[in-house]
2 protein chains.
Amino acid sequence: MTEGPRPRPTLRDIATALGLSVNTVSRALGDKDSVSAATRAAVQAEAARIGYVPNTLARSLVLGSAMTLGLVITNPSNPFYAQLISSIELRVRAQGYSLLLLVTDESVENEQRATEALLRSAVDGAVVVPVQAEWDHWRRVRDSGIPLVFVNRDVPELGCDMVGVDYERGSYEATSHLIAGGARRLLLLEEDLPITTTADRITGFRRAMADAGLKVSDDQVQAVPTKRYDSLALPWQPEEAYRFAQTLLTDAHPDGHPDGFVTGNDYFALGLLRALAERDLAVPGDVAITGYGDHPYAAYLQTPLTTVRLPAAEVGTTAVDLLLQRLRAGTERPRKTLIRPELVIRASTGGPPALTNRQEQPSSTPG
Amino acid sequence: MTEGPRPRPTLRDIATALGLSVNTVSRALGDKDSVSAATRAAVQAEAARIGYVPNTLARSLVLGSAMTLGLVITNPSNPFYAQLISSIELRVRAQGYSLLLLVTDESVENEQRATEALLRSAVDGAVVVPVQAEWDHWRRVRDSGIPLVFVNRDVPELGCDMVGVDYERGSYEATSHLIAGGARRLLLLEEDLPITTTADRITGFRRAMADAGLKVSDDQVQAVPTKRYDSLALPWQPEEAYRFAQTLLTDAHPDGHPDGFVTGNDYFALGLLRALAERDLAVPGDVAITGYGDHPYAAYLQTPLTTVRLPAAEVGTTAVDLLLQRLRAGTERPRKTLIRPELVIRASTGGPPALTNRQEQPSSTPG
DNA sequence: GTGAAAGCGCTAACAG
DNA sequence: CTGTTAGCGCTTTCAC
């Protein structure tokens, strides 16, 4: 028969119950050695008996640290970010910190409010996937002594630590792979977000084309309109890429129809696949395509999708480690780390036609 | 030229700069009316000038509330939970609270540690997706006066508020739909987690079968082994269902091969689809199948998947609202809400064969 | 080894 | 209207 919400027990409750001073109780619980074994035992017993839990607020106030890190992220429904959240939370908790979560939905306004929240909450540091459109508010956070680690997208102006994915390389490899497979008239379908990840993928695409001696006209790089600011929307719907591709395939192509598509994420590939099927274009026979992200479904499509697997967990873990190092170390130069993604070759580019018996590894760094 | 981390400005800095008392400054900033307009203006100007940000820690300590809610969730990589996180964070922030995130990965141990963290952090309340295997630690949290709202899975023993999805109904409708389409030898592929959501879906399946006058033998309800405790794994890999289905389809079926599959999530359906394709079984010709969750890819499979769409955003929002109401109201009876999911009929059960021009709505309550 | 005193930054009482 | 006093729960001096 449980009682209603009793007032929470404090050090003083233990102290008075045992006829000790609050101070002694604090030290007994804090495992300092300036307490007799007997006292310590008594204190710990009483603490356990009344269910004492230290008040982090008070503790933080005097210690000047809340043992809390912030995580500012754009969209948890993006599988990459979902994994990032998991890996970051795990690491943060393992190091004895708490995690404050802020979601920005790609909105600068939300991000500005998020920085306010970080400042007020006096977090010890923050892992941030920046919206990138503006960053003055981040300067303010950094200047107030809260170390920042940017993840996935950088804000070089601030000279903070950064850990991301080598998107350019992933895109380069995907493109080169298509070219190696015989594709010549390639198209890149990209997100229309004004962020570096997209820009890097475009760069990779162009570089691969150039290295193969292929020209890239402007209409070979296409931005798919996305519902980026719809706060509860999924990262991207295949829908948008589907409609976009429908139009694209209908348009006149002076040099012949495209025979290869590089897409900026697996959802685009999904929509594209449908549009191609509707025009009776075979994949990979008529058109080869690559995705980006290796979402959990990619290997299980009817035409398994060649795609770029992102090391989400590694990125998250590295970010937390960088942050904690900086909390301890202080003023080193900012470190930037790009982790290399992995091209996973499947049937959509003529790879193994279906699942072989070799098990697809759903490794610790999937999606 | 930014300076290094200055000590953070406090009320006293403003007070001394203006020759006022700390108290007056506090009230001026707090919009109390017991301050002259002139003083308030001066204070606010100075606060803005030095970039004053109130210290939530100190504020919380005296006020007895940290204006923070906890969110304890099992697996952010499950698209349903990802959306839940988004919607909850949005609502929580809109109400002026912060959100502390704890991930349990379906582990009771993690959950117990999470409750410790909630107690220490003195959150005002928590939204919880419980692991359900044990719940004594939750009793402790509740007894210490922290209101809890269980989401998606209930712990009826504790008499807390709860908001979930009517999984039984979703499963009932999916099953009935298959039966209406002519399927008779149905199989249910379920998660092997010991949780009520799975149990509810099984109940719905059995009830639909019974209502149609069909018997259900034990081997018609199958649990797919999953990597549930793999901390960074995705919710479920299609892989497991694929292998499981391979075996299943190889086994002798005295009453003929199954002509319908109800699956507990869309990933299972994905694996199943491949296993069926390998045996040249046509969907929906030979076998009709349904998924559960309406993940973003479901509508875009080569055979678009009939599935049960879950109202994730609505669940999340409702949960936060219930929690905040209870924070204000105090002792009402616990309220339990089940939100109804929606069966989305597609080609895998003989629905519209492909995307029609009627736009698939990626509504605010998808996946 | 233990206690008394002071203070983290803020807000709530009460005076004036 | 404003200042003084007190205290949130805890930890860190510094005496004893």
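Convention: sequence-line order gives letters A, B, ...; per-chain numbering from 1.
Here A:Tyr52 does not reach the OP1 or OP2 of D:dG9: none of its side-chain N or O atoms lies under 4.0 Å away.
At the heavy-atom level, A:Leu57 lies nowhere under 4.0 Å from the strands shown. Nucleic acid contact class of A:Thr39 (heavy atoms, under 4.0 Å, all strands): sugar-phosphate only.
Closest to the side chain of B:Val35, out of D:dG9, D:dT2, C:dT11, is D:dT2. Side-chain proximity of B:Val22 to the nucleotides C:dT2, C:dT11, D:dT11 is greatest for C:dT11. Checking C:dC10, D:dG9, D:dC10 against every side-chain atom of B:Asn55, the shortest atom distance belongs to C:dC10. Listed candidates were C:dT2, D:dG9, D:dG3. Nearest to the side chain of A:Ser36 is C:dT2. Set against D:dC10, D:dT2, D:dC8, the side chain of B:Ser34 has D:dT2 as its closest nucleotide. Listed nucleotides: C:dC10, C:dT11, D:dG9. Nearest to the side chain of B:Leu63: C:dT11. When distances are taken from the side chain of A:Arg59 to each of D:dT11, D:dG3, C:dT2, the shortest belongs to D:dT11. For A:Ser26, the side-chain atoms get nearest to D:dT11 when compared with the rest of D:dT11, D:dC10, C:dT2. Taking the side chain of B:Ser21 as heavy atoms from C-beta on, and the options D:dT11, D:dT2, D:dG3, the nearest nucleotide is D:dG3. The side chain of B:Leu61 approaches D:dG9 more closely than any other nucleotide in the set D:dT2, D:dG9, C:dC10.
Taking atom P in both C:dC10 and D:dC1, one finds a spacing of 24 Å when rounded to whole Å.
For the residue pair B:Glu157/B:Trp138, the side-chain donor-acceptor check at 3.5 Å is not satisfied. Side-chain contact, A:Asn55 with A:Arg59: no donor N or O sits under 3.5 Å from an acceptor N or O.
A salt bridge does not link A:Arg113 with A:Glu116: none of the charged nitrogens is closer than 4.0 Å to a carboxylate oxygen.
Projected onto DNA chain D by closest heavy-atom contact, A:Pro9 and B:Val25 fall at different nucleotides, the more 5' of which corresponds to B:Val25.
The CZ atom of A:Arg326 sits 14.5 Å away from the CD1 atom of A:Ile146 when rounded to the nearest 0.5 Å. Atom CG of residue B:Leu101 and atom CD1 of residue B:Ile85 lie 5.5 Å apart, to the nearest 0.5 angstrom.
Counting to the nearest Å, the C1' atom of D:dT2 and the CG atom of B:Leu11 are 15 Å from each other. One atom, CG of B:Leu20, and another, C1' of D:dT4, lie 14 Å apart when rounded to the nearest Å. Distance CG (B:Leu29) to P (C:dG9): 16 Å, rounded to an integer number of Å. Rounded to an integer number of Å, the gap from B:Leu18 CG to D:dG3 C1' is 15 Å. One interatomic measurement links the two molecules: CZ of A:Arg12 to P of C:dG3, which rounds to 15 Å at whole-angstrom precision.
The base of D:dG3 lies close enough to the side chain of B:Arg27 for a donor and an acceptor atom to sit less than 3.5 Å apart. Put simply, the side chain of B:Asn23 and the base of C:dT11 share no donor and acceptor less than 3.5 Å apart.
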Candidate pair B:Glu106 and B:Arg153, rule salt bridge (Lys or Arg N to Asp or Glu O under 4.0 Å), full reasoning:
CA-CA 12 Å; B:Glu106 303 286 357; B:Arg153 313 171 183 173; 2.6 Å; yes
